[in-house]
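Can you read through this structure? Questions will come right after.
Indexing begins at 1, ligand by ligand and atom by atom, following the structure's order. In this text, all values refer to a predicted model and were calculated from it rather than measured experimentally.
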Amino acid sequence: MLQLTDIHTYYGHVHALKGITLQVREGEIVSLLGANGAGKTTTLNTISRLLQPEKGTYELIGESMLKKNAGQIVQNGIIHCPENRRVFPLFTVEENLLVGSYTRRDKKVKQDMERVYEIFPRLKERSSQKAGTLSGGEQQMLAIGRSLMGKPKLLLLDEPSLGIAPILVQEIFEIIQEINRSGVSILLVEQNAHMALEISDYAYVLENGHIALSGQSKDMKKNDDIRKLYLGESVS
Ligand SMILES: Nc1ncnc2c1ncn2[C@@H]1O[C@H](COP(=O)(O)OP(=O)(O)OP(=O)(O)O)[C@@H](O)[C@H]1O
Ligand SMILES: [Mg+2]
């Protein structure tokens with residue numbers, strides 16, 4: 001459904017993405033891995049059109065997204081759950097969820113909120129609590145819940161496990177799989193390569209603005225050299 005071909009993105013004179021070609025097929029979870037500064041967040045920001053690519057093609061279900069603005073990208077069903085969560089700290093949990101539905105014109109918002117509360121019972125218990133007082137893991141759940149309120153076809157997740165206790169990471173990864181089973185395709189940016197390869201169908205490894213490597217996640221997981229060279233794992 002998503003196809004990027006030879007995408008180049010700059011920050012002023014800094015050439016951050018140097019020809020990214022990747023695709024996400026309908027129903028897939030695709031991981032985008034790589035070290036700090038490789039260009040993972042820049043790739044997601046280019047897809048959600050917070051950044052304008054200088055060159056390349058970008059299609060969603062065969063339609064070019066290059067001329068769309070960030071709001072139109074959302075209306076096309078691509079929802080970006082940003083790095084570092086970015087919840088509104090002074091709004092309650094429920095108010096944050098409502099913000100996620102702001103572009104919608106249908107009347108099923110209430111129903112979808114119930115569904116988010118079903119997926120994240122912790123959020124339901126805390127619906128009137130100020131988001132800034134939630135734990136890091138709960139804020140991550142809220143950020144994902146808020147993204148779901150936008151009714152994504154394709155969900156862009158930027159480092160959902162960052163700074164979160166292992167037990168909650170496990171829970172969040174299970175929920176990501178559950179969201180995917182409900183029909184949402186997912187592009188998952190992660191430094192936790194091990195977990196990401198565990199739940200994704202396909203993976204790309206970014207290195208310094210290039211795709212250094214790509215393949216089926218199950219094959220990458222098996223390849224010790226790949227894990228050592230590209231994923232910073234010490235393989236015994
Ligand atoms: N606003 C900016 N202005 C200039 N350069 C930037 C800006 N944002 C990012 N960069 C540069 O672009 C490159 C890619 O950054 P990006 O944030 O995409 O990396 P990342 O893979 O998401 O890293 P991390 O794992 O640390 O989040 C880096 O060299 C970074 O310094
Ligand atoms: Mg990043």
If you have a sec, work out which protein heavy atom is nearest atom 29 (O) of ligand 1 and how many Å separate them, to one decimal? Gly37 O, 3.8 Å

Among Gln191, Glu83, Glu207, which one has a heavy atom closest to atom 27 (O) of ligand 1? Glu83

Residue, atom name and distance, where the atom is the protein heavy atom closest to atom 24 (P) of ligand 1: Asn36 ND2, 3.6 Å

Show the atoms of ligand 1 that are less than 4.0 angstrom away from any heavy atom in Glu159. 25 (O), 27 (O)

Looking at residues at least two apart in the chain, or sitting in another chain, which of them share a ring pair (Phe, Tyr, Trp, His ring centres under 6.0 Å) with His210? none

Are Asp158 and Lys40 close enough for a salt bridge, meaning some N to O gap below 4.0 Å? no

How wide is the angle at the Mg ion (ligand 2) spanned by Thr41 OG1 and Glu83 OE2, rounded to 10 degrees? 110°

Would Glu94 and Tyr117 count as having a side-chain donor-acceptor pair, cut-off 3.5 Å? yes

Test side-chain hydrogen bond (donor to acceptor under 3.5 Å, both in side chains) applied to Asp112 - qualifying residues, sequence neighbours left out: Arg104, Lys151

Would you tell me whether Thr42 and Thr9 have side-chain atoms, one donor and one acceptor, within less than 3.5 Å of each other? no

Check each heavy atom of Thr42 against ligand 1 and say whether those closer than 4.0 Å belong to the side chain, the backbone, both or neither. both

Which of the atoms of ligand 1 are close to Ala35, meaning less than 4.0 Å from one of its heavy atoms? 21 (O)

If we only count N/O pairs under 3.5 Å, is Val14 in contact with ligand 1? no

Nearest neighbour in protein (non-hydrogen) for atom 9 (C) of ligand 1: Tyr11 CE1, 3.3 Å

So for ligand 1, is Ala38 a polar contact partner (N or O within less than 3.5 Å, distance only)? yes

Ionic contact status for Lys124 with Glu118, cut-off 4.0 Å: no

Using a strict 4.0 Å cut-off to heavy atoms of Thr41, name the atoms of ligand 1 that fall inside it. 17 (O), 18 (O), 20 (P), 22 (O), 27 (O)

